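All figures in this text were calculated on a predicted structure; none of them were measured in a lab. Just so you know, ligand 1 is whichever comes first in the structure, and atom 1 is the first atom listed for that ligand. Sequential numbering from 1 along the given sequence is applied to the chain's residues.
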Amino acid sequence: MQRRRRINPKDDARFYVSAESDKVGLDIKYINAVKGCVIFTSVPFEKGDFLLEYRGDLISKQECERRQRIYHDLLKVFMFEFHFNGKLWCVDAAKEDGSLGRLVNDEHINPNAKMKYLTVQGKPHLCLFAVRDISPGEEITYNYGDSDWPWRCKKPQTTRGTSSEGQHGQGPPISEPATSAQKVSAGASSGFPKSFDKGLDEEMAPKICGSTNPPSTIEDTEELTTESKCIHTAVSHPNQTSPVLGPFTKVNKPLSRGAGHKRNVLQSRDI
Ligand SMILES: C[S@@+](CC[C@H](N)C(=O)[O-])C[C@H]1O[C@@H](n2cnc3c(N)ncnc32)[C@H](O)[C@@H]1O
């Protein structure tokens, strides 16, 4: 059988960013009330491949602070702060828009993806790339960053009835949210990244604004955090698929690949 020619990951990411779409072959699966929904792949990916964008509103620090004041905790966890061009920005993915990036779960020991930012038309976009080959049937995960995430505090347990649980060796359901002290301490010790505008090949640790979990550190690279409790919302996602335009594309907005490329202004310094 003929091998599919590999698409340049950066171009691939730009295409999906412009299309505001997710790839076909990535699907939402509800695990349980603790993990909520996660993303599984039914297609293989190679190391370095673009997987997903963490889509949401790109907002300023000020707007982020304003939203944090009015959001419920369950929404705050979808706000991802990062530095770009010397300023603090936030991608707010609280809106349930059917996009998949906001549903990718944390895995700090053996993640298969890493968050980076990609500049498209002068704006940063948070994108997940494979850090190793990924086989069909695997859950997409990335490291949310160093923090005392509640689900990491528990001893590894054997299966709880789902393959994902087994893979991750996750503990029992989150019993208690992090204390204020934990949050303050985590925030104080980490602070914001020295910079997040160094280029895409550096790792970025995310900061989650939610109060349920302590914020993680934004160091200097790229890894996106989403923290969701969108358990109910997520359940409603699985059947909300968008029209399929091509063999590898699931879109939320009608767009041809050619049109997407035309709209993109390639930035040489991206990945
Ligand atoms: C951005 S959301 C990810 C999507 C989420 N699963 C959902 O259904 O909305 C982050 C939230 O997912 C859960 N989560 C993420 N990674 C997890 C993990 N490894 N184990 C258990 N829960 C996890 C936590 O509740 C966390 O606050």
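For ligand 1, the atoms closer than 4.0 angstrom to any heavy atom of Val104 are 3 (C). Close approach of ligand 1 to Arg102 is summarised as follows: ligand atoms under 4.0 Å from at least one heavy atom of the residue are 1 (C), 2 (S), 3 (C), 4 (C).
For ligand 1, none of its N or O atoms has an N or O atom of Glu107 under 3.5 Å away. Residue Val38 has no nitrogen or oxygen atom sitting less than 3.5 Å from a nitrogen or oxygen atom of ligand 1, judged on distance alone. Polar contact check, Asn105 against ligand 1: a nitrogen or oxygen pair lies under 3.5 Å apart.
Both tests hold for Lys29 against Phe40: distance to the six-membered ring centre under 6.0 Å, angle to the ring axis within 45°.
Between Lys29, His108, Lys35, Glu139, it is Lys35 that holds the heavy atom closest to atom 21 (C) of ligand 1. Nearest-heavy-atom check against atom 16 (N) of ligand 1 across Asp106, Ile109, Ile39, Val34 picks out Asp106.
Classification of Lys23 and Glu53 as a salt-bridged pair fails, no side-chain N sitting under 4.0 Å from a carboxylate O. Under 4.0 Å is where a charged nitrogen must lie from a carboxylate oxygen, and between Arg55 and Glu20 no such pair does.
Contacts with ligand 1 closer than 4.0 Å are made by no heavy atom of Trp149, backbone or side chain.
Residues satisfying the salt bridge (Lys or Arg N to Asp or Glu O under 4.0 Å) test with Asp57, not counting sequence neighbours, are Arg67. Glu65 meets the salt bridge (Lys or Arg N to Asp or Glu O under 4.0 Å) test with Lys61; sequence neighbours excluded.
Under the 6.0 Å cut-off for aromatic ring centres, Tyr144 and Trp151 qualify, their centroids lying closer than that.
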